[in-house]
> 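This is the structure I want to talk about, given as structure tokens.
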Amino acid sequence: MSYQYNDFDRAFLAERNAQFRAQVERRIDGSLTEDEFKPLRLMNGLYLQLHAYMLRVAIPYGTLRSAQMRQLAMIAERWDRGYGHFTTRQNIQYNWPELRDVPDILDALGEVGLHAIQTSGNTIRNVTADHFAGAAADEIADPRPVAELLRQWSTDHPEFQFLPRKFKIAITGSPNDRAVTKAHDIGLRMVERNGAPGFEVIVGGGLGRTPMIGKVIREFLPKADLLPYVEAIVSVYNLLGRRDNKYKARIKITVHEHGIEEISRLVEERFAAIRPQFSGVDQEILEGIEAQFAAPEFRIAPAGGFDAERERSPAFRSWSDTNLTPHRAEGYAIVSVSIKKHGATPGDASADQMRVLADLARRYGHDELRISHEQNVILPHVHKSDLPALYAALRSADLATANIGLASDIIACPGMDYCALATARSIPVAQGLASRIEELKIEHEVGHLKIKISGCINACGHHHVGHIGILGLDRAGVETYQITLGGDGTERAAIGTRTGPGFSYEEIVPAIERLILAYLALREGEEETFLEAYNRVGMEPFKAALYPAKETADAA
Amino acid sequence: MPRAFTPKVVTANALLKGDAVWLTEEDRWSRDIAEAELIEDEAHAQIRLLFAESQPDVVVGAYLADAQAGPGGPEPVHFREGFRTRGPSNYAHGKQAETVK
């Protein structure tokens with residue numbers, strides 16, 4: 001289950017949308033200049049990109065019901081070009097809305113309890129969560145009620161509408177971090193102490209032009225202290241964060257410049273001051289939210305034909321090996337649906353695909369869907385006896401690609417095909433790479449490999465934490481791609497290291513192919529992943545594979 | 001020595017649709033860069049940019065972009081400006097899919 005809007009939420013959203021509708025009208029009739037309008041549209045998720053406006057809609061903690069997914073499909077068809085783009089922060093972006101239509105789109109979103117508030121601007125952005133939340137076998141507890149509490153608290157929070165810079169929070173309930181918490185302004189990892197749930201609080205992580213792994217500011221924060229503690233952090237940052245230089249304004253720089261000890265002292269001081277103001281109302285609200293996130297009534301049933309189908313069909317076996325994750329309930333599995341068929345645009349889903357996924361969630365998945373930061377769609381609760389039928393349905397919709405976690409399951413930002421900030425394209429690099437990997441038929445042999453591509457230094461494609469990271473830059477008017485190796489987005493978070501000179505658009509796919517083949521040649525066995533092999537042998541063998549001409553020249 | 005002025009076009013995004021437009025000699029906004037006024041003189045470029053900026057109810061974010069003379073009219077120099085004349089490379093959407101005169 002997930003959060004259902006109450007009368008207050010609906011009234012708030014309707015009023016906010018009416019305000020924005022009036023602002024759009026005033027912009028069109030000339031009473032507002034662009035300088036006046038821009039901050040207003042950004043507060044409502046509306047960007048102006050290379051070819052059109054772009055509307056970024058939050059999918060809070062990545063959770064959707066089938067009715068919401070169906071509405072996203074309707075919007076894509078009615079006001080866009082029949083598709084949407086799922087992002088690395090669990091948002092969906094529409095690439096082609098016209099200004100006049102945006103208020104209607106926002107009203108349509110409001111009908112199903114979705115909005116685009118604070119998906120841009122120097123505010124607290126969409127709170128992201130583990131995409132397996134509420135289903136994962138390794139989870140302490142579902143982190144989404146806390147994420148929803150944070151959403152309600154941060155939405156239109158009067159103190160935090162003009163922060164020094166944007167502010168991103170991620171949360172996980174599992175020790176295995178699938179939410180990249182160490183690369184967020186605040187990362188929250190659920191931990192237990194003496195049987196009571198609480199959070200490890202991480203602060204000052206981030207990617208972008210100055211990548212930083214977050215630092216632990218509190219090893220154990222009792223659950224009841226979460227809201228005042230997070231408020232204390234953002235409040236300290238709001239006063240201390242630099243407003244003189246956009247590139248030094250994120251909290252990672254504040255933490256770096258002042259040191260974690262000083263930040264911790266200030267936060268604890270602020271926390272002590274505001275904690276008494278939290279009378280417990282937040283905990284009452286949280287209890288109400290938690291009730292709405294009660295787990296569905298899981299069926300107790302035999303796994304049916306699951307094992308027999310695995311025996312019978314190699315394709316089903318391959319898919320279930322890569323696209324399923326252990327579920328906490330007996331007899332269930334978490335299904336990751338890859339929307340990255342080889343050659344497709346990472347993160348894009350057509351309206352038809354969205355509707356198929358909504359139908360399948362309704363039929364086989366307790367009506368729940370998740371969007372992962374890895375740009376795939378998750379059906380979190382599927383009984384194993386339903387998997388053969390689900391697989392057949394996915395196959396007929398061309399959604400049965402068995403590549404989750406493999407080399408062609410590439411994260412890519414929109415890059416210069418859409419984004420006004422981009423310095424190079426990323427989508428066609430991902431397409432070319434996935435197609436080449438498919439041609440070589442090597443990805444199942446290669447195994448677990450995370451390739452992440454960003455089209456500029458802002459790193460929406462998370463390239464710093466890719467096992468192989470690719471960064472597209474503009475070097476003297478030519479698209480140039482830098483490679484990093486050894487990044488890791490999990491609880492062992494690490495920033496990748498640059499290999500050396502960059503590659504042209506034509507050279508980048510063959511360069512990555514050489515890296516993958518070099519890994520196959522040097523690994524100690526099938527069990528050793530790319531990342532493990534890199535951590536064992538270091539950069540040199542990979543450099544030799546990347547820059548063979550230079551090796552020869554040096555030897556000569 | 002100051003850098004020599006390179007030819008420019010005035011470009012922006014249309015307010016309502018958000019797509020790329022270019023300023024013509026006849027003070028129109030065209031969706032085809034080939035119809036744009038190719039500006040060879042720096043002072044004239046500044047005047048044309050001011051003219052563009054005086055139309056906030058028509059266009060957003062006007063700026064001067066490098067361009068060069070081609071057989072059919074001005075052409076983009078930088079690849080970013082090239083994408084603005086065509087659209088994205090993953091789908092036939094945007095200007096490449098529309099009938100540009």
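Protein chains get the first letters and strands the later ones, always in sequence-line order, with residue 1 at the start of each.
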> Is it true that His93(B) and Tyr418(A) have ring centroids separated by less than 6.0 Å?
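That pair fails the under 6.0 Å test.
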
> If we define contacts as heavy-atom pairs under 4.5 Å, which of Gly87(B), Ala20(B), Pro56(B) has the most with chain A?
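Option with the greatest count: Gly87(B).
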
> Which answer fits Pro414(A), side chain, backbone, both or neither, if we ask what part of it has an atom under 4.5 Å from a heavy atom of chain B?
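Neither part.
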
> Can you check side chain to side chain contact (heavy atoms under 4.5 Å, CB included) on Leu50(A) and Arg80(B), steps first, answer last?
CA-CA 9 Å; Leu50(A) 275 190; Arg80(B) 182 181 194 270; 3.5 Å; yes

> Considering only heavy atoms, which portion of Ala420(A) lies under 4.5 Å from any heavy atom of chain B: side chain, backbone, both, or neither?
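Both backbone and side chain of Ala420(A) come within 4.5 Å of chain B.
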
> Pick whichever of Glu34(A), Gln431(A), Glu479(A), Met54(A) has the most heavy-atom pairs under 4.5 Å with chain B.
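Ranked by contacts with chain B, first place is Glu479(A).
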
> Between Asp19(B) and chain A, with a heavy-atom cut-off of 4.5 Å, which part of the residue counts as in contact: side chain, backbone, both or neither?
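Backbone plus side chain of Asp19(B), per the 4.5 Å heavy-atom cut-off to chain A.
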
> In terms of heavy-atom proximity below 4.5 Å to chain B, should Arg27(A) be classed as side chain, backbone, both, or neither?
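Both backbone and side chain of Arg27(A) come within 4.5 Å of chain B.
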
> Can a donor-acceptor pair be found, under 3.5 Å and without considering hydrogens, that links the side chain of Tyr91(B) to the backbone of Arg81(A)?
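Pair absent, no side-chain N/O of Tyr91(B) close to backbone of Arg81(A).
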
> Please look at Phe37(A) and chain B and tell me whether the side chain, the backbone, both or neither of the residue comes under 4.5 angstrom of a heavy atom of that chain.
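No part of Phe37(A) comes within 4.5 Å of chain B.
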
> Find the one option among Asp348(A), Asn95(A), Asp101(A) whose heavy-atom pairs under 4.5 Å with chain B are most numerous.
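Counting heavy-atom pairs under 4.5 Å, the top option is Asp348(A).
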
> Does any heavy atom of chain A fall under 4.5 Å from the side chain of Val21(B), the backbone, both, or neither of them?
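Interface part for Val21(B): neither.
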
> Report which part of Val24(A) has an atom under 4.5 Å of a heavy atom belonging to chain B: side chain, backbone, both, or neither.
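Neither part.
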
